[in-house]
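Below are the structure tokens for one structure; questions will follow.
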Amino acid sequence: MPEPVKKTVSAFAKKPKTQVAEEGATVVFETETEKPDAKVRWQCNTKDLVSDDKYVIKADGNKHSLTIQAVTKEDGTAYAVIAGGSKVKFDLKVKEKEVMEEVKLELKEKVKEEVKEKQEEAQSGAGDPAAPDPAATYTVAPAEAPTPAETPASADTTPAAPQPESQAPDTKTDLTGLFTEKPQSGEVTVGENINFVAKVNAASLLKKPTIKWFKGKWMDLASKSGKNLQLKELYDRNSKVYTFEMQIIEAKPSFAGAYRCEVSSRDKFDSCNFDLTVHEARAVEGFDIRAAFRRTSMDGSEEAGELDFSALLKKRDSCFKGSPGHRASKSQVKSEPDEDVWEILQKAKASEYEKIAFQYGITDLRGMLKRLKKMKKEEKKSEVFLKKLDPAYQVEKGHKMKLCIEVANEDVDVKWLKNGQEIQSTGSKYIFESVGNKRYLTINHCSLSDDATYTCVVGDEKCTTELFVKEPPVTITSNLEDQMVMKGERVELECEVSEEGATVKWEKDGVELTRDESFKYRFKKDGRKHVLIINEATKEDCGHYTVKTNGGESMAELMVSEKELEVYQNIADLTVKAKDEAVFKCEVSDETVKGIWYKNGVEVKADARTHITHIGRIHKLTIDDVKPEDQGDYTFVPEGYAFNLSAKLNFLEVKIDYVPRQDPPKIHLDCMGHTADSTIMVVAGNKLRLDVPITGDPAPTVVWTKGEKAGSEVAAETWSIKDGDVMTEGDGRLHVESTKGHCIFTIEGADKQDEGVYSVIVRNPAGEDKADINVKVVDAPDPPSAPRILSVGEDSCVVQWDPPKSDGGNPIIGYVLERKKKKSYRWMRLNFDPYTDTTYEAKRMIEGVEYEMRVYAVNAIGMSCHSAASQPFIPVAPTSEPVGLCVDDISDTTISLKWRTPEHLGSSELDGYGVEYCKEGSDEWVPAFEGLTERTSVIIRDLPTGEKMQFRVRAYNTAGPSAPTSLAQAVTIREIMQKPKIWIPRNLRQTLTKKVEETINLVIPFQGKPRPVITWSKDGEPLNPKQVSVRNSDTDTILFIRKSERKDSGKYEVKLQIENVEDTASISIQIVDLPGSPEKLKIMDVWGFNVALDWKPPKDNGNCEITGYMVQKADKKTMEWYTVYELYRRTNCVVADLIMGNEYIFRIYAVNMVGLSLEPCFSADSAYIQKTGFEYKPPTYKEHDFSEAPKFTHPLVSRSVIAGYNATLSCSVRGIPKPKVTWYKNKMDISNEAKYRMFSKLGILTLEIRKPCLFDGGVYMCKAVNASGEDVVECKLEIRPPGTFPQAQITKEEKDKQMNKAD
């Protein structure tokens, strides 16, 4: 199975190595780059090298070499090779000839010893049949070959015959290997332990090496460490050798297999393979292959554990080794070509994985399957599409969607499909665009029908995507409103949603409503309005109705009440005479109620004398020309109600006897207004009709008078009648008339001012008579005052109001209340029966919704107008009680309490908290302070010392106080002593470092009661109050230094003391400053382009360690300073890469944690860099040919112009050199004709035709010629007479007509 090769981050596949050469020899450095076209530069001491007699630079594809001929001592320096952003440095070391010979001999001896040792190991292994195969032990698989950073020879240690002495071995073999000791293959018996050891020399490593142990190819054993596997690491500081050990404890058969050890450090890497063989504890006789498939488990059960394939393979090999055909089969296996197990697993079914693992001896099947699952299949790169559609897109309904692809060929045509059907470009729904190599499909106003699969087809290839149209949530813009109806009425619950045609769901008390067979519920849609219609509401229809959409819901309450018919005016008994009119009249509360009239139990039918009328709330039965047979009991029965109204009609038979003498006048009334029962009541606005029977002969004169009040003798108004004629007229509302035996007084639309005592006086020559009638006008009461909200609850409120100023002449029966939501216009009645009290509790409201209330007053006449609306209010519930009341602190006279906010706050904001206390055993709770507090902690002062007190807290909101929460038990008001303890902050447990003149503010918290005595000191001495300030509180102490100085450095101690108990703590402060300048800067040596400098550290280090030095150089000509080293540790350095012929001076700053020293140290002398001669060879360049044949970048466009108007033809051309331009008309040169003007500016060519006529039409051609070629462009010019249209605008019908005429 191939193993992934580690990716190379460098641009080099093979890097040049440091070499040792003797004088006069030729040295070749070789390298290989990853890319064949990479540009490579060779450098010597940071200077680029060019090919000459000394240096030979060659490049062949990705192989590059540098040859140095006739090596001298001066060539022994640093070299580098650069490719792209990678740079590899290497050295050339030049030795004398004698030293070189000794090096070669040492290398030869070393190689001989290594080859001899490997041959001995191979011979000893061949004698033991169970010994591991040397080739398998020491040969690295090709897939595990060293990375390019390693030396090729280190990867191949297969024993080979000793090389002859004349052939020098490659000395670069073991220079890059990291292992000084590699783990070796081993054997172990089941249940025993075995160790594998690897050693790495870290003397040449810049970073600690990282080691990994693997089993098989991929299983990392670091995650398997535990009972049976332990990994250890040791480090020897003297030899700088790391020892890594892997210990296997109580080996099992499943532990057998191939292992690998990898070590890496920065860009270095090394690996080693080894095997582990696990033998059975006893010999296997009669191998049973079924037993080998038993699962291994810790508890010994047969159904648990894992299938051990590796043990099965070992047993199979041990059984077949003794067979005669074993050697032959082994040779056959070796001769078979290696198969790629990864490909086999990729193509196999999941049910065949175990079979393949058994066949190929896979020991880590689970790890391989995980790896196989993560492997990504490389997609075949499309030759047509540069960029395909994404797998899916999403767009909101009504928005625009734009699909884009990129094709390789700009001129190719594409087709767009929707669900396999080609999309046609009709209307503005689909827009196809082509911009360069991009193709766009724009879908406007996306709807649910556009939710489909879209495919773009180019030739035989296609790419597909899914478009999901997201429908925005439907919200309710107009909510349902509460309704109260009477039984049998029609109900319409209406709401409005945000989108037309949306689907809504209606529910009653959580149960979905549907259209049933009885058509109880009807659902109506009108645009965005949705209506629920209930025909003939019943008591069962009461409840909460909810309309739901996918974006919200709205709820309203429906209340259905039984009809209660009120009688405003009852029918009264009548006594009439013959041929008079009898009128029975009643008034009820419902205008729609019909009724039936009965006489002595028999229904009365309308005829010529009997009239039945129903106008509004008034029902009348009128009988004209009353006869004796009309006398009887009359009853009115309202339809649908179980009560009736009854009255009696009495027929008065008048017998007139002729008496020649005169009779005095007489008024025939049952009562004369002297008692309360004689008062006649009339409803304001109705007609007052006083019909008084009188007798007298001759006919008496009738006089009506009205007093201001009952019993008054003073008349306010007088009306009189004589012989049937009105003697005195009143206003238009009053009518006085007299008939035979009757005098009638009528007031149309009686009001309050018509109330009083009316007197009727009758006179004739025989005498007079007088009667008083007390009239009282009654009306509906005045509206009550605006209601006041006394309190609110979670779904209720208590409302109160004042009675009306006037009761309308009748006592108040009760009140009717209504409520509505603040933003609604529909008022809902709360009670149908009059409520007698002036305080009412309204219930069944929704918490958090704003409401208003109003009241009606009711008397026997009717209801008043509604009162003014109350102030808006919101039903809210009191909060739950505060949580977690506890004592935070206590002293002799104070106590500190704290608590948490209530768990349930409701929909109203919290107004605050009230705290109360009382003495133990008392029920008198005293407020701890006036008003409320918004904090969740409070300090109560001035409490009696030693007294046991109980405390409680309430939460207040708009609804009032919550239930109280109290302490579990009473608290004694007495301070508790607490030992002093200093809490040093974490940042002050180490030395505090500050810069000079910085502010120091140390806050040291502590605990202790009563308040401790605090003492500060520095290095055992008291603090200087002029320099250091100390501020103390009950919980902390503060040390403050406004401007710190270096003398403030030291150890500060703070001590707390309460009586005989104390606690101390110390804090170290270090004040640092800028260091002084370095001293004695000297130029020690100057050679080549280098200068060696040396200096001494500064005397003043600023009270902290010197972290480095900044070295700068300056040319004496310019005196511009450049930094050579920014943070240099040593006190000597070499400044390189100086420019020859310049003279330099140097300066050095000291650096510590504060910064640079204020002044630098300058070098006393200057350094002059000597010039060396060289010959400058100017580079040669091949002159570039910029010539270009003419080419028209913008062609001529055919035109149609009107005769007599100047016309222009334009085109653009490019070419080098500038081409010569010639214009032609119908292939005739027109350059010299005066009618035409030619212009050329920046490659734009224009031909102007002055006032063209009909003969100037034709084909115009422009020709451009230069030395590199020529190009031609032409167009057609049409000249039409004025008033005509271009030929292209002639319709198809006109063309047909012209063709018919020609025929």
Side-chain angles (χ1 to χ4, degrees), residues 407 409-414 425 427-428 431-440 442 1184-1302:
V407 293
N409 185 5
E410 294 185 2
D411 301 328
V412 74
D413 294 330
V414 301
S425 178
S428 60
I431 298 176
F432 303 97
E433 296 179 83
S434 175
V435 181
N437 63 339
K438 293 185 178 180
R439 301 293 185 269
Y440 297 95
T442 303
H1184 182 68
D1185 184 11
F1186 291 95
S1187 61
E1188 181 181 359
K1191 182 179 181 181
F1192 284 94
T1193 58
H1194 186 78
L1196 291 173
V1197 179
S1198 297
R1199 296 189 58 190
S1200 175
V1201 299
I1202 299 174
Y1205 293 90
N1206 290 354
T1208 58
L1209 300 175
S1210 300
C1211 61
S1212 60
V1213 68
R1214 71 180 183 188
I1216 300 174
K1218 183 177 179 180
K1220 179 183 178 181
V1221 178
T1222 307
W1223 289 89
Y1224 298 88
K1225 174 191 172 186
N1226 295 330
K1227 299 184 180 181
M1228 300 295 293
D1229 189 357
I1230 58 174
S1231 300
N1232 298 325
E1233 294 188 20
K1235 189 177 184 66
Y1236 303 98
R1237 294 174 60 190
M1238 294 79 169
F1239 302 96
S1240 175
K1241 186 176 180 180
L1242 300 177
I1244 299 175
L1245 309 179
T1246 304
L1247 173 65
E1248 181 181 359
I1249 307 171
R1250 299 180 182 179
K1251 297 182 179 180
C1253 61
L1254 297 178
F1255 300 101
D1256 291 325
V1259 178
Y1260 285 80
M1261 181 175 66
C1262 182
K1263 182 177 182 181
V1265 181
N1266 68 1
S1268 299
E1270 64 179 29
D1271 196 7
V1272 176
V1273 65
E1274 62 181 19
C1275 70
K1276 185 177 180 181
L1277 178 64
E1278 177 189 356
I1279 309 296
R1280 66 180 188 274
T1284 61
F1285 294 95
Q1287 194 68 21
Q1289 297 184 3
I1290 299 176
T1291 62
K1292 183 179 180 182
E1293 291 79 0
E1294 292 175 350
K1295 286 184 178 180
D1296 294 340
K1297 290 180 180 179
Q1298 291 177 3
M1299 292 295 292
N1300 294 332
K1301 288 180 181 180

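Just so it is clear, the structure is predicted and the values come from calculations on it, not from any experiment. What's counted below: heavy atoms across the whole structure, side chains too, no hydrogens, waters or symmetry copies. Throughout, residue positions are numbered sequentially from 1 according to the sequence presented.
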Can you check whether R1280 reaches V1201 side chain to side chain, under 4.5 Å on heavy atoms?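 R1280 does not reach V1201 side chain to side chain.
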Specify the closest pair of heavy atoms between C1275 and L1209, including all atoms of both residues, with the distance to one decimal.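 Scanning both residues, the minimum pair turns out to be SG-CD1, 3.9 Å.
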With sequence neighbours left out, what residues match I1216 under side-chain contact (heavy atoms from CB on, under 4.5 Å)?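 Partners of I1216 under the side-chain contact (heavy atoms from CB on, under 4.5 Å) test: E1188.
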Can you name the closest pair of heavy atoms from R439 and N409 and give their distance?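 Minimum heavy-atom separation between R439 and N409: NH2-O, 4.1 Å.
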Does OH belonging to Y1205 count more than 12 external heavy atoms closer than 6.0 Å?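 Not more than 12 within 6.0 Å, no.
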Side chain proximity check, L1277 to V1259, heavy atoms < 4.5 angstrom: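 The answer is no, as the side chains (C-beta and beyond) never meet within the 4.5 Å cut-off.
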Quick one: do K1263 and E1270 make a salt bridge, cutoff under 4.0 Å?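 Answer for the salt bridge query: yes.
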Within-4.5 Å side-chain heavy-atom neighbours: F1239 and T1208: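 The answer is no, as the side chains (C-beta and beyond) never meet within the 4.5 Å cut-off.
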Could you tell me which non-hydrogen atom of G1215 sits nearest to which non-hydrogen atom of P1219, and how far apart they are?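 In this case the closest contact between G1215 and P1219 is O-CD, 3.9 Å.
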Determine whether V1221 and M1238 make a side-chain contact, defined as any pair of heavy atoms from C-beta on separated by less than 4.5 Å.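 Answer no - side chains too far apart.
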What pair of heavy atoms forms the shortest contact from S1268 to S1187, and how long is it?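 Shortest heavy-atom separation between S1268 and S1187 comes out as OG-CB, 3.8 Å.
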Can the ring centroids of H1194 and F1192 be said to lie less than 6.0 angstrom from one another?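 Between H1194 and F1192, the centre distance exceeds or equals 6.0 Å.
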Ion pair check, D1256 and K1235, cut-off under 4.0 Å: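 Looking at D1256 and K1235, the cut-off is met.
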Search all heavy atoms of N1266 against all heavy atoms of A1189 and return the closest pair with its distance.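 Nearest pair, atom of N1266 first, then A1189: OD1-CA, 4.1 Å.
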Go through it in stages, so that I can follow the logic: the residues are I1230 and Y1260, the test is side-chain contact (heavy atoms from CB on, under 4.5 Å), and I'd like the CA-CA distance, side-chain angles, deciding distance and then a yes or no. CA-CA 10 Å; I1230 58 174; Y1260 285 80; 4.2 Å; yes
Taking all atoms of both residues into account, what is the closest heavy-atom pair of C1211 and C1262, and its distance?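 Nearest heavy atoms, C1211 then C1262: SG-SG, 4.2 Å.
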Qualifying side chain to side chain donor-acceptor pair (under 3.5 Å) pairs with a residue from residues 1216-1230, counting only residues at least two apart or across chains: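 Matches after skipping sequence neighbours: D1229-S1231.
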